[in-house]
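Here the structure comes first, spelled out in structure tokens, and everything after it is commentary.
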Amino acid sequence: MIDIKINFFGIVASLLLFYIILSNKPWWILRGGEGIFYAAVSPFNVKIEILGRPVIVPIIFYLNLTAMLSMLLAASTMLLGSFLAEKEWSRPMIGFKGLMLPILFLVGLIISLEFVKNMGIAVPLMGEFILRYEIPIGQGIITETPSVAMLTSDYWIALLAGIISVLAWFFQRRS
Amino acid sequence: MNRTKAVRILITLLSIAAFLPLLYGLNSYNWDLKALLTPSYTPPKVDFRMEPEGLRFEQGKLILSIKLTNLGEIEAKIEGLNVTLYSNGIAVATGSLEKPVLSRPNSTEELKISITSFHGIPSKIEAKGETFIRVLGSLVRVPVEIRG
């Protein structure tokens with residue numbers, strides 16, 4: 001009988017990580033009106049549109065690529081390390097970068113929303129709201145836009161993958 | 001050097017290599033971080049012109065006709081327009097939009113303002129008020145001043 005020891009948590013976490021990287025779906029969505037503004041944000045892709053026209057920040061593309069490569073590396077090494085759980089040298093392959101990313105993403109999002117709030121635009125992390133904004137032109141143009149913000153199921157899957165990767169890390173340490 | 005250490009070093013090197021796109025981006029922009037951080041956006045043209053056409057009686061009602069020209073690229077629905085008419089700086093009448101009007105890009109529509117209470121008909125139209133415009137699901141309140 002062949003007795004192969006594998007890190008089950010690591011395999012599950014890495015497969016979930018591969019899914020969230022390759023699905024390329026947004027983790028957080030902000031939608032205002034019927035196309036007034038739209039933002040679909042994930043560490044791997046950021047799409048922002050105002051009045052149907054894209055807003056492009058050059059650094060975002062390179063940051064997304066960096067995040068994608070980092071996570072592909074983390075998922076690959078975790079998958080490999082999970083199948084080589086018996087080998088002592090496989091320990092560094094199992095890390096918890098998978099948990100860092102959803103946490104950093106959420107922290108970054110909260111900081112960004114606070115920054116935007118200081119500019120007079122109050123956007124919650126989640127929920128439906130009316131965005132009131134005064135455009136300082138002439139006597140002032142007041143806009144009221146029914147909006148919605150939400151963390152998508154892909155964010156929660158990413159967080160779950162992160163939590164499972166921590167379990168995988170503990171399992172690898174103990175074995 | 002033991003294998004664990006070698007694996008750790010290899011993973012660290014690969015993790016650093018993952019930051020190469022960021023370095024490439026910086027290099028592409030001649031290490032100008034400001035240029036890399038500056039957003040670029042070209043908004044669509046938004047240009048509405050209102051010109052008074054005159055006052056007339058229509059089905060027993062006094063109507064102020066306004067020509068609305070949409071020279072922009074965005075469709076808008078004028079849902080309301082409340083104005084006060086002035087004669088020599090004195091308010092003489094008030095009026096409101098009879099029915100919503102859809103204004104498509106590069107088109108001209110007539111806005112019919114029904115004058116509801118008036119104490120005189122001004123010879124020269126001078127109106128002030130505000131209009132409520134629905135643009136892509138957003139309600140926009142814009143102060144208006146019409147002369148003619």
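So that the names make sense, note that chain A is the first sequence line, chain B the second, and so on, each numbered from 1.
Both A/V107 and A/V123 belong to a single network of hydrophobic side chains, linked directly or stepwise wherever heavy atoms of I, L, V, M, F, W or Y lie under 4.5 Å apart. Grouping the Ile, Leu, Val, Met, Phe, Trp and Tyr side chains by contacts below 4.5 angstrom, directly or via other members, places A/I121 with A/L109.
Residue B/L37 comes nearest to A/V57 through the heavy atom pair O-CG1, 3.4 Å, listed as atom of the first residue, atom of the second, then distance. The nearest pair of heavy atoms linking A/S70 to B/A18 is OG-CB, 3.5 Å. For A/Y62 against B/P21, the heavy-atom pair with the smallest separation is CD2-O, 3.2 Å.
Chain A forms more heavy-atom pairs under 4.5 Å with one residue of B/E145, B/R134, B/E73 than with any other, namely B/E73. Of the listed residues (A/I48, A/I60, A/L69), the one with the most heavy-atom contacts under 4.5 Å to chain B is A/L69. Ranked by heavy-atom pairs shorter than 4.5 Å toward chain B, the options A/G33, A/P92, A/G52 are led by A/P92. Of the listed residues A/I56, A/I141, A/I135, A/V55, the one with more heavy-atom pairs under 4.5 angstrom with chain B than any other is A/I56.
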- Could you walk me through whether A/L65 and B/Y24 pass side chain to side chain contact (heavy atoms under 4.5 Å, CB included), step by step? CA-CA 11 Å; A/L65 209 54; B/Y24 176 79; over 6 Å; no
- Give the C-alpha distance, both sets of side-chain angles, the deciding distance and a yes or no for side chain to side chain contact (heavy atoms under 4.5 Å, CB included) between B/L22 and A/I59. CA-CA 8 Å; B/L22 206 54; A/I59 201 168; 4.2 Å; yes
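The line from CG of B/L14 to CG of A/L72 is 12.0 Å long, rounded to the nearest 0.5 Å. Atoms CZ and CD, from B/R3 and A/E88 in turn, are 11.0 Å apart once rounded to the nearest 0.5 Å. To the nearest 0.5 Å, atoms OG (B/S28) and CZ (A/F61) are separated by 9.5 Å.
Using a 4.5 Å cut-off between heavy atoms, A/M93 touches chain B through backbone and side chain atoms alike. Both the backbone and the side chain of A/I50 come within contact range of chain B, judged by heavy atoms closer than 4.5 Å. Looking at A/K87, neither its backbone nor its side chain comes within 4.5 Å of chain B, counting heavy atoms on both sides. Using a 4.5 Å cut-off between heavy atoms, B/P44 touches chain A through backbone and side chain atoms alike. A/T77 touches chain B through its side chain: at least one heavy atom from C-beta onward sits under 4.5 Å away, while N, CA, C and O do not. Contacts of B/S15 with chain A are made by both backbone and side-chain atoms, with heavy-atom separations under 4.5 Å.
Put simply, the side chain of B/Y29 never gets that close to the backbone of A/P58: no donor and acceptor are under 3.5 Å apart.
In this structure, B/N88 places its CG atom where only 12 or fewer heavy-atom neighbours from other residues, nucleotides or ligands lie under 6.0 Å away.
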